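Working notes, beginning with the structure itself.
Sequence lines set the chain letters: A, B, ... in the order given, protein chains first and strands last, and positions in each chain run from 1. If you're wondering where the values come from, they're calculated on a predicted model, not measured in any experiment.
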Number of protein chains: 2
Amino acid sequence: MAQLERTHLAIVRAVDQHGSLTAAAEQLHLTQSALSHAIRKLEDQLGVAIWTREGRRLRPTQAGAYLLAVANRLLPQLTQAEERLRQFAQGERGALRIGIECHPCHQWLLKVVSPYLAAWPDVDVDVRQEFQFGGIGALFAHEIDLLVTPDPLYAHGLRFEPVFDYEQVLVVGAGHRLRGLPYVQPEHLTEETLITYPVALDRLDIYTHFLLPAGIRPKRHKPIETTDILLQMVASGRGVAALPRWLVDEQAGTLDLGAVRLGAQGIAKQIFVGIREREADIDYLHAFVALARDHGGGMGASVNG
Amino acid sequence: MAQLERTHLAIVRAVDQHGSLTAAAEQLHLTQSALSHAIRKLEDQLGVAIWTREGRRLRPTQAGAYLLAVANRLLPQLTQAEERLRQFAQGERGALRIGIECHPCHQWLLKVVSPYLAAWPDVDVDVRQEFQFGGIGALFAHEIDLLVTPDPLYAHGLRFEPVFDYEQVLVVGAGHRLRGLPYVQPEHLTEETLITYPVALDRLDIYTHFLLPAGIRPKRHKPIETTDILLQMVASGRGVAALPRWLVDEQAGTLDLGAVRLGAQGIAKQIFVGIREREADIDYLHAFVALARDHGGGMGASVNG
DNA sequence: ATCTTGCATGAATATCATGCATGGTTGGAT
DNA sequence: ATCCAACCATGCATGATATTCATGCAAGAT
């Protein structure tokens with residue numbers, strides 16, 4: 001039962017580099033005798049000579065030359081593997097699979113990921129949106145490592161943290177009749193076309209928190225996939241939409257849009273990031289949460305502020 | 001001082017394959033405890049968890065998944081390396097670098113190499129013809145492993161063996177005036193065109209053993225590279241040449257050639273193969289010499305026979 | 001010749017991996 | 001609910017084995 005061990009590869013390479021067992025031994029912090037014994041044993045087990053002893057010189061046999069080639073090929077891979085593992089250890093390296101469950105989350109995420117990528121170049125960031133058993137399920141099933149969601153669920157083993165407060169407002173175009181009002185009532189929308197992302201109604205805050213409680217429906221409801229187009233349509237007066245206020249503010253220079261509070265109290269929203277509790281102290285995960293919190297603080301707007 | 005050893009790779013892979021430490025231990029002919037200790041130590045040294053212990057299940061961490069990938073990549077290479085080394089050991093595998101120093105050697109070699117390749121598929125055969133310090137030097141310098149030569153040199157550490165006897169004869173074309181003579185004298189060639197390989201005169205037997213001792217030179221001397229063309233020219237009466245008799249015999253069906261003995265005694269030649277003495281019992285080398293000997297015996301022609 | 005350098009080897013030793021015994025936890029079966 | 005079986009972790013003992021030490025031998029170098 002021959003076993004080609006890492007030591008053997010190291011010895012062969014060191015001897016090749018330094019020309020002698022003695023010199024090689026020094027590099028490996030061993031004695032010449034140790035190397036001699038080690039190779040001797042390997043030779044016995046494999047039944048093949050690694051070197052021919054010519055006087056006091058070691059000449060590699062064909063087998064030895066082959067073994068050297070193997071060593072030069074494999075040893076770097078082993079050391080690199082160790083290096084990477086150590087990076088995993090310190091949380092310098094890893095794969096951060098982020099799951100998002102809402103469209104505003106996506107918009108916000110874009111702003112956070114960019115500085116994160118710069119700060120953690122060895123972390124592979126991956127963003128996913130579709131989950132068979134929902135975001136929480138994906139977190140439990142290790143499909144993702146971090147969940148961005150407006151609906152935290154304080155389950156055992158998970159840890160959620162709010163990272164971003166914002167107000168969901170009604171967005172209207174230039175010269176819209178509702179623009180400039182202190183706030184709108186549900187009734188104001190009975191004659192409007194409401195543009196939303198194409199998701200179930202119960203996942204749209206304007207329905208769950210505003211329209212449905214009042215038993216009101218807009219005149220028309222139009223789903224649009226992308227935020228850009230959605231904003232364009234609102235700006236051109238084709239309809240109104242419910243979006244985070246900061247998203248509207250960002251477009252101030254580009255599009256002529258107005259933001260109107262939804263109801264007297266407004267709709268206050270929070271985005272949370274959730275992670276598995278046991279992974280809370282992984283550096284690159286922790287760093288993301290911290291970065292997210294900082295970023296959120298700067299943009300967040302209190303409804304009552 | 002972390003050391004990623006072969007065992008660790010084996011353990012990680014076995015656990016992945018069998019799902020549990022216990023099952024993996026069985027495959028590796030070790031106890032569950034041994035694996036647990038081994039991985040534990042690696043984890044401590046690297047500072048990274050390979051698996052997370054969830055209940056009685058081991059779930060690979062990202063580091064563990066990476067390590068598994070490394071194991072799946074490297075372990076086969078290690079076992080294959082062992083396999084190859086064992087082949088070297090039994091002499092099943094190797095590189096046989098053959099050196100040749102003479103044109104007849106080359107012709108003869110072609111006949112031997114072909115069956116050899118079939119018998120030793122794992123041996124790389126390489127034929128070389130140019131040597132800075134001559135064939136013997138190349139053998140000493142390990143440039144080649146086997147030398148085919150008509151001029152053996154019984155130096156210390158080398159072993160030569162005759163493998164092929166032949167007679168060097170004068171080859172003449174159809175209807176040539178010398179054809180049918182029992183033998184030719186040097187004087188017969190004073191009016192002939194002598195065709196030879198393009199090498200120094202002192203490496204041509206017809207000069208060293210026949211013409212020069214008699215102080216005779218042919219009318220013309222024409223060098224030709226390849227045996228095929230050379231024979232064509234002789235057959236068409238453009239000149240005469242000195243070649244092994246068996247080479248002429250081989251062409252009997254194709255070309256109309258005649259062979260005439262050079263001098264009353266003829267020129268007897270021998271081809272030898274030489275190897276380094278210490279490598280005499282390497283299977284694939286030994287086999288070549290044996291095969292060469294058998295092949296030579298069948299074709300050899302005694303000058304006096 | 002003599003000295004130096006380098007490898008091999010046998011015996012002594014130190015190290016380290018392995019096994020044993022055991023306890024804790026979990027998930028499933030009764 | 002309870003028990004059982006499966007599985008992993010761990011402290012300790014021990015045996016295997018890698019390493020060293022001391023030495024001899026051979027071959028270049030001076």
Side-chain angles (χ1 to χ4, degrees), chain A residues 1-61 63-64 67-68 140-141 156-157 277-278, chain B residues 1-61 64 67 140-141 156-157 277-278:
Chain A
M1 234 16 24
Q3 282 290 50
L4 191 51
E5 292 297 333
R6 182 183 190 159
T7 330
H8 302 128
L9 302 182
I11 293 175
V12 167
R13 188 170 61 165
V15 167
D16 176 65
Q17 285 173 349
H18 296 82
S20 79
L21 265 194
T22 314
E26 194 160 350
Q27 181 201 313
L28 299 174
H29 305 296
L30 289 171
T31 61
Q32 168 269 131
S33 176
L35 308 203
S36 183
H37 280 296
I39 292 296
R40 183 59 150 73
K41 187 178 174 190
L42 181 70
E43 288 182 330
D44 286 351
Q45 286 179 332
L46 257 49
V48 65
I50 305 300
W51 300 295
T52 60
R53 283 69 173 173
E54 301 186 353
R56 58 182 174 188
R57 178 191 228 91
L58 296 182
R59 177 199 295 278
T61 61
L67 188 57
L68 175 61
F140 267 118
H156 180 71
E277 201 153 39
R278 59 178 0 133
Chain B
M1 226 28 11
Q3 281 289 55
L4 191 51
E5 292 297 333
R6 182 184 190 157
T7 332
H8 301 129
L9 301 182
I11 293 175
V12 166
R13 187 169 61 167
V15 167
D16 176 64
Q17 286 173 349
H18 296 82
S20 80
L21 267 192
T22 314
E26 195 161 348
Q27 180 199 314
L28 298 175
H29 305 294
L30 289 171
T31 61
Q32 169 267 131
S33 173
L35 308 202
S36 183
H37 280 298
I39 293 296
R40 183 63 151 73
K41 187 178 175 189
L42 182 70
E43 289 182 329
D44 286 350
Q45 286 179 333
L46 258 49
V48 65
I50 305 300
W51 300 297
T52 59
R53 284 68 174 175
E54 300 186 355
R56 56 184 176 189
R57 180 194 224 87
L58 295 182
R59 178 200 295 278
T61 60
L67 189 56
F140 267 117
H156 180 70
E277 202 153 39
R278 61 180 356 134

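A straight line from CG of A/Leu30 to C1' of C/dT15 spans 13 Å, rounded to a whole angstrom. C/dG19 atom P lies 11 Å from atom NE2 of B/His29, rounded to whole Å. Remark: C1' of D/dA6 and CD of B/Glu26 are 14 Å apart, rounded to the nearest angstrom. In this structure, CD of A/Glu5 is placed 11 Å from P of C/dA17, rounded to the nearest angstrom. The CD atom of A/Gln3 sits 18 Å away from the P atom of D/dA16 (whole-angstrom rounding). Rounded to whole Å, the distance from CD1 on A/Ile11 to P on D/dA18 is 10 Å. Atom CG of B/Asp44 is separated from atom P of C/dC16 by 14 Å (rounded to the nearest Å).
In terms of position along DNA chain D, the nucleotide closest to B/Glu43 lies nearer the 5' end than the nucleotide closest to the other residue of the pair B/Glu43 and A/Thr31. DNA chain D is contacted by both A/Leu35 and A/Glu54; A/Leu35 maps to the nucleotide lying nearer its 5′ end (nearest heavy atom per residue).
Closest of all the heavy-atom pairs between A/Leu68 and A/Arg13 is CD1-CA, 3.8 Å. Closest approach of A/Glu43 and A/Arg53 over heavy atoms only: OE2-NH1, 3.2 Å.
Residue contacts for B/Ala34: at a heavy-atom cut-off of 4.0 Å it reaches the sugar-phosphate backbone alone, with no base atom in range.
One N or O on the side chain of A/Thr61 and one on the backbone of A/Ile50 form a donor-acceptor pair closer than 3.5 Å. B/His18 places no side-chain N or O within 3.5 Å of a backbone atom of B/Val15 that could act as its donor or acceptor partner.
Taking the side-chain hydrogen bond (donor to acceptor under 3.5 Å, both in side chains) definition, one finds that B/Glu277 meets it with nothing, sequence neighbours left out. For B/Glu54, the side-chain contact (heavy atoms from CB on, under 4.5 Å) partners at least two apart in sequence or on another chain are A/His142, A/Arg278, B/Thr52, B/Arg59.
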Check against side-chain contact (heavy atoms from CB on, under 4.5 Å), B/Gln27 and B/Gln17: CA-CA 10 Å; B/Gln27 180 199 314; B/Gln17 286 173 349; 3.6 Å; yes

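Here A/Lys41 does not reach the OP1 or OP2 of D/dT17: none of its side-chain N or O atoms lies under 4.0 Å away.
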Nucleic acid footprint by protein, nucleotides 1-13 of chain C - heavy-atom cut-off 4.0 Å, B for base, S for sugar-phosphate alone: ---BBSBBBBB--

